[in-house]
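Reading through the structure tokens given below for one structure.
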Amino acid sequence: MYVADSRGSKAPVTSSAGPLRRGAVPGTVLALGAVSMVTDISSEMVTAVLPLYLLTGLGLSPLGFGLLDGIQNGFSALVRLAGGHLADRRGRDGAARHKTVAAVGYGLSALCRPLLLLVHTVPLIGAVIAVDRTGKGLRTAPRDAMISLATEPANRGRAFGVHRAMDTAGALIGPLTAFLVLRLAGGPLLADGGERHGYDAVFTVSSCVAVLGVLILLLFVPNRQQGDDPSTPAPSLHDSLTLLRLPGLRRLTLCAVLLGLTTVSDSFLYLLVQRRLGLSVSLFPLLPLGTAAAFLLLAVPLGALADRIGRHRLFLAGHGVLLLAYGVLLSPLRGVPAAVCVLVLHGAFYAATDGVLAAATADAVPAEQRGAGLALVGTGQALARFACSLLFGALWGAVGGPSALGWSAGALALCVAGAAAVLRPSEPVVVEENP
């Protein structure tokens, strides 16, 4: 088991076997990557069958499904700030509670999997989903804080890239596992009566996998991370709320919100890919796998590239790649080759922005407030993307999907230019870790 328990960022990251070579990924990052991968397998198994289960299995209306989908996407953003602040508080041993809060978050999500076997009405299913999203909101910031604290500042982009690649591997394996379990269990039915056991089998296997993720966290992730100094006073709630006074964090948050407001959600993008490029409806379930595969392959090399050329530069370039994807969708190109191009660009966008933004945020926030700072930027981005989904849906209804995408592409281009001006100079001075 790797242990990161030194006191300053300038000290080398170590393991039980001795100092890690320069550029090596700390064991804490690999352990957290394994936790995320296993947890994503569990959650994506449920996500893959939940729409079918609710609409076809239980006969839920599209309006009811939309309400549940809103709960699923909104709850994690609402509790993320609380999770970040609680994680920065210190326990009796003087260590920050990053692992404790993350364990509570993963545990809540694991608890929700077997509950899906017991609830069969929309209000109860909505409550279970809300608890699951609460768990996700609690764990995200402390998990990313542990990654940043366990890694030398110069290598954070690569470390986050490794974690996101492992996380995305789970997103690929989960739906495939659900498909195999459904086939082995006899497949879905219900609504007309009978054959619920296919869904029950998926929920049962998902529950077991989720418990495995919690066990990996408890057994292989150390309580104290690099840069966590017990002598440093724990930040108060007021300190967490005033983090935007830090110029670097304020600029990052502003840019994350601006760019999030013009980033079309995955669901709308996949609908446009299928309809505008003339793909068969049967190929629609495979579209997210295309994005995930590209994300998986590019996350590590692009994370390492961010460490070399600057995280702000790559973050902005990633949104430029997204503009290229929009351009392909709006072009005369049609068919599978065009779809593959869009999905590769979409995956590259995530690889160049998701972990890179977290690494850039870690640079701008002191170690003792790392959780709250990451939560602040992540929450701003999540709420902005939620607002974008509402605006894009309304615009689609008014002028049609392609025209709505054209307007979004124009707005994104303006926001990229604005963000480039806000983030100048392109790379901030890294906030000193505790000596």
| message | Measuring from atom CG of Leu218 to atom OG1 of Thr100, what distance do you get when rounded to the nearest 0.5 angstrom? | response | 9.5 Å
| remark: One should read off an interatomic distance between Leu272 CG and Leu287 CG, to the nearest 0.5 angstrom, of 11.0 Å
| request: Would you please name every residue forming a salt bridge (Lys or Arg N to Asp or Glu O under 4.0 Å) with Asp40, sequence neighbours left out? | output: none
| said: Suppose the criterion is side-chain hydrogen bond (donor to acceptor under 3.5 Å, both in side chains): which pairs have a residue in residues 286-296, not counting sequence neighbours? | reply: Tyr270-Thr291, Thr291-His346
| remark: Residues passing the side-chain hydrogen bond (donor to acceptor under 3.5 Å, both in side chains) test with Asp354, sequence neighbours excluded, are Arg164
| task | Taking the side chain as every heavy atom from C-beta outward, state whether Val131 and Leu111 have any pair of such atoms under 4.5 Å apart. | result | no
| Less than 4.5 Å apart, any side-chain heavy atom of Leu86 and any of Arg97? | no
| request: Verify, without hydrogens or angle tests, whether Ser148 (side chain) and Ala145 (backbone) share a donor-acceptor contact under 3.5 angstrom. | output: yes
| remark: Arg113 meets the salt bridge (Lys or Arg N to Asp or Glu O under 4.0 Å) criterion, sequence neighbours left out, with Asp132
| How long is the gap from CG on Leu149 to NE2 on His98, to the nearest 0.5 Å? | 5.5 Å
| remark: Heavy-atom closest pair (Ala384 atom, Leu261 atom, distance to 0.1 Å) is O-CD2, 3.6 Å
| field | Nearest heavy atoms of Val202 and Ala178, plus distance in Å | value | CG2-O, 4.0 Å
| task | Please assess Leu329 against Leu269 for the test side-chain contact (heavy atoms from CB on, under 4.5 Å), listing each intermediate value before the final yes or no. | result | CA-CA 9 Å; Leu329 267 177; Leu269 185 77; 3.5 Å; yes
| note | Of all heavy-atom pairs linking Phe160 and Ala358, the shortest is CE2-CB, 3.6 Å
| message | Do Leu423 and Leu252 make a side-chain contact, defined as non-hydrogen atoms from C-beta onward lying under 4.5 Å apart? | response | yes
| task | Rounded to the nearest 0.5 Å, what's the gap from CG on Leu314 to CG on Leu302? Could you check? | result | 5.5 Å
| remark: side-chain hydrogen bond (donor to acceptor under 3.5 Å, both in side chains) pairs touching residues 315-327, sequence neighbours excluded, are none
| said: Which residues pass the side-chain contact (heavy atoms from CB on, under 4.5 Å) test with Leu391, not counting sequence neighbours? | reply: none
| query | Do any N or O atoms from the side chain of Arg156 and from the backbone of Ala359 form a donor-acceptor pair under 3.5 angstrom? | reply | no
| task | Please step through side-chain contact (heavy atoms from CB on, under 4.5 Å) for the pair Arg251 and His312, ending with a clear verdict. | result | CA-CA 11 Å; Arg251 290 196 298 267; His312 291 174; 5.7 Å; no
Without placing hydrogens or testing angles, list every side-chain donor-acceptor pair under 3.5 Å for residues 371-383, not counting sequence neighbours.
residue : atom : partner : partner atom : Å
Thr379  : OG1  : Ala375  : O            : 2.7

| remark: Sorted by chain and number, sequence neighbours left out, side-chain contact (heavy atoms from CB on, under 4.5 Å) with Leu345 holds for Val321, Leu324, Ala325, Val328, Cys341
| task | Measure the shortest side-chain to side-chain distance between Leu343 and Val340 over non-hydrogen atoms and say whether it is less than 4.5 angstrom. | result | no
| message | Please give me the minimum heavy-atom distance between Gly213 and Val38, naming the atom from each residue. | response | N-CG1, 3.5 Å
| said: Can you list everything that forms a side-chain contact (heavy atoms from CB on, under 4.5 Å) with Ser408? Sequence neighbours excluded, please. | reply: Val264, Phe392
| Can you tell me if Arg370 uses its side chain to pair, donor with acceptor, with the backbone of Met146 under 3.5 Å? | no
| task | Please say whether more than 12 non-hydrogen atoms of neighbouring residues, nucleotides or ligands are located less than 6.0 Å from CZ in Phe179. | result | no
| message | Less than 4.5 Å apart, side chain to side chain, heavy atoms only: is that true for Leu116 and Val128? | response | yes
| Closest heavy-atom pair and its distance - Leu246, Ala364 | CD1-O, 3.7 Å
| Contact check, side chains of Leu138 and Thr134, non-hydrogen atoms, under 4.5 Å | yes
| query | Heavy-atom distance under 4.5 Å between the side chains of Thr39 and Leu217, does that happen here? | reply | no
| message | Please report the interatomic distance CG(Leu316) to CG(Leu259), rounded to the nearest 0.5 Å. | response | 7.0 Å
| query | Between atom CG of Leu412 and atom CG of Leu258, what is the distance when rounded to the nearest 0.5 Å? | reply | 10.5 Å
| field | Summary of salt bridge (Lys or Arg N to Asp or Glu O under 4.0 Å) pairs that have at least one residue in residues 381-391, sequence neighbours excluded | value | none
| Sole residue of Leu357, Thr353, Asp363 in side chain to side chain contact (heavy atoms under 4.5 Å, CB included) with Arg311 | Asp363
| Going by heavy atoms in the side chains, are Ser36 and Met166 under 4.5 Å from each other? | no
| task | Search all heavy atoms of Val214 against all heavy atoms of Ala110 and return the closest pair with its distance. | result | CG2-CB, 4.1 Å
| said: The criterion is side-chain contact (heavy atoms from CB on, under 4.5 Å); which residues satisfy it with Ala294, sequence neighbours excluded? | reply: none
| Excluding sequence neighbours, so at least two apart, what forms side-chain hydrogen bond (donor to acceptor under 3.5 Å, both in side chains) with Arg139? | Ser109
